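Accompanying notes for the structure given below.
Every number for a ligand or one of its atoms is a count from 1 in the order of the listing. Nothing fancy with the numbering, it's 1 onward along the sequence. This is a predicted model, so every value here is computed, not measured.
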Amino acid sequence: MAHVKIFDTTLRDGEQSPGVNLNRPEKLEIAKQLERLGVDVMEAGFPASSQGDFESVREIANTIRNVSVTGLARAVKSDIDTAWEALKGGADPRLHVFIATSPIHMEYKLKKTPDEVVAKAVEMVKYAKQRFSKIEWSAEDASRSDLKFLARIIEEVIDAGATVINLPDTVGYTTPYEYGKMFEYIKQNVPNIEKVDLSAHCHDDLGMAVANSIAAVENGATQVEGTINGIGERAGNAALEELAVALKIRQDFYPYETNLVLKEIKRSSDLISKLTGMQVPRNKAVVGQNAFAHESGIHQDGVLKHAQTYEIITPEMVGVKSNSLVMGKHSGKHAFKDKLKQLGYELSEEKIFEAFTEFKKLTDSKKEVTDDDLFTILTEIQTMT
Ligand code: KIV
Ligand code: ZN
């Protein structure tokens with residue numbers, strides 16, 4: 001089984017979610033939970049972006065001992081120096097340095113020719129190598145870059161000392177087939193590519209971040225980047241909990257494993273939602289409130305007979321206590337009887353029928369019937385002669 005490293009960027013790209021601002025103690029609390037979750041690398045922030053971020057990254061690097069802590073830097077000497085100051089006390093420090101490689105970014109944002117971009121990338125990796133032994137180099141907007149140019153710059157930064165090559169889909173533009181093909185091309189056209197980790201970093205603008213990441217893994221990526229709950233710039237990043245569970249559940253098809261402790265997923269999701277203020281949508285895969293809830297009578301009946309009829313993930317696997325059968329207008333008699341049992345009622349078939357009829361009437365005016373509603377119905381039924 002091939003191992004896929006998990007690079008968590010909840011504290012850097014995740015914090016770039018509009019409206020999110022984490023303070024130092026909050027960042028440290030998240031970092032400790034990410035350590036329990038078992039990520040391989042955590043990007044603690046962008047040290048040169050603010051004094052607060054610098055201090056947070058330094059504190060996390062000095063505290064977390066079982067995960068490699070990294071920080072982001074532009075291809076600028078002062079960013080690299082600041083990152084070193086923040087990360088040098090870490091157990092396994094690494095730098096994450098990036099420069100854009102797409103025509104639109106090089107021309108309008110960087111105002112540099114492709115040759116100048118190659119020279120700058122190489123110069124900065126060599127500069128960083130004087131301090132960092134581990135350097136991740138990212139080709140920002142890789143998915144909109146010219147493949148031949150990408151192969152050329154990657155070859156040069158590997159020669160300069162980069163140990164991880166990251167190919168971000170910065171604007172969430174690519175599709176699984178296309179993104180996979182990019183990894184295949186780089187694997188086939190860059191000498192020494194086997195000597196470094198190849199990383200995927202996907203944004204979710206077209207809703208394909210997780211699918212694109214899996215396509216990258218199928219085509220040689222050895223590391224995947226993302227965030228918990230998929231938070232991040234604009235539509236967010238690849239949701240790591242979805243990715244890790246998908247790889248686990250579909251091991252029959254994808255022979256890959258990660259180090260994530262899946263049981264820590266729900267706790268991580270809840271903590272990050274609480275501290276960022278970003279609510280998890282009810283229907284979100286893996287961690288949404290509805291992910292293990294069943295409402296229709298047919299589904300409830302199936303789940304009561306054998307959970308796997310309608311559940312491909314067990315709630316326990318991701319740290320959720322149990323599934324739930326929601327009592328609503330689609331619920332059937334089987335689930336209703338089961339609910340009465342749970343509430344401690346042993347009724348005759350006749351009384352159950354009466355209670356079920358009252359329950360069904362109530363569902364016409366209420367979306368979800370609560371335990372209190374059921375107690376009221378049952379009290380009335382029992383007092384009726
Ligand atoms: O999406 C992106 O391109 C990034 C880089 C800084 C790696 O987040
Ligand atoms: Zn990003």
Presence of salt bridge, Glu140 and Lys109, under 4.0 angstrom:
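A salt bridge is present here (some side-chain N lies under 4.0 Å from a carboxylate O).
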Quick check for you: to the nearest 0.5 Å, what is the distance between Arg94 atom CZ and Ile135 atom CD1?
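Rounded to the nearest 0.5 Å, the CZ-CD1 separation comes to 11.0 Å.
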CD1/Ile298: more than 12 non-hydrogen atoms of other groups inside 6.0 Å
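No.
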What do you reckon, does His96 put a non-hydrogen atom under 4.0 Å from ligand 1?
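Right, His96 reaches ligand 1.
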Among Lys263, Lys284, Lys266, whose salt bridge (charged side-chain N to carboxylate O under 4.0 Å, His left out) with Glu241 holds?
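Testing Glu241 for a salt bridge (charged side-chain N to carboxylate O under 4.0 Å, His left out) against Lys263, Lys284, Lys266 leaves exactly one candidate, Lys284.
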Protein N, O or S atoms under 2.8 Å from the Zn ion (ligand 2)
3
Taking it one step at a time, do Ile272 and Ile30 satisfy side chain to side chain contact (heavy atoms under 4.5 Å, CB included)?
CA-CA 7 Å; Ile272 283 146; Ile30 292 175; 4.0 Å; yes
Does any N or O atom in His203 lie less than 3.5 angstrom from one in ligand 1, N or O only?
yes
If we only count N/O pairs under 3.5 Å, is Asp13 in contact with ligand 1?
yes
Option whose closest heavy atom lies nearest to atom 8 (O) of ligand 1, chosen from Arg12, Glu233, Glu140
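The residue whose heavy atom sits nearest atom 8 (O) of ligand 1 is Arg12.
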Taking only heavy atoms of His201, which atoms of ligand 1 are found under 4.0 Å from at least one of them?
1 (O), 2 (C), 4 (C), 8 (O)
List ligand 1 atoms under 4.0 Å from Ser138, heavy atoms only on the residue side.
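Taking each heavy atom of Ser138 in turn, ligand 1 has 7 (C) under 4.0 Å.
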Before we go on, tell me: are the rings of Trp84 and Phe132 under 6.0 Å apart, centre to centre?
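Yes.
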Report the nearest protein non-hydrogen atom to atom 3 (O) of ligand 1: residue, atom name, distance rounded to 0.1 Å.
Thr170 OG1, 2.6 Å
Which residues share a ring-ring contact (aromatic ring centres under 6.0 Å, His included) with His294, sequence neighbours left out:
none
Checking side chain to side chain donor-acceptor pair (under 3.5 Å) against Glu225, which of Ser199, Ser138, Ser213 comes through?
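Testing each of Ser199, Ser138, Ser213 against Glu225, the sole residue satisfying side chain to side chain donor-acceptor pair (under 3.5 Å) is Ser199.
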Of Thr227, Asp13, Thr9, Thr10, the residue whose pairing with Asn237 passes side chain to side chain donor-acceptor pair (under 3.5 Å):
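Among Thr227, Asp13, Thr9, Thr10, the one that satisfies the side chain to side chain donor-acceptor pair (under 3.5 Å) with Asn237 is Asp13.
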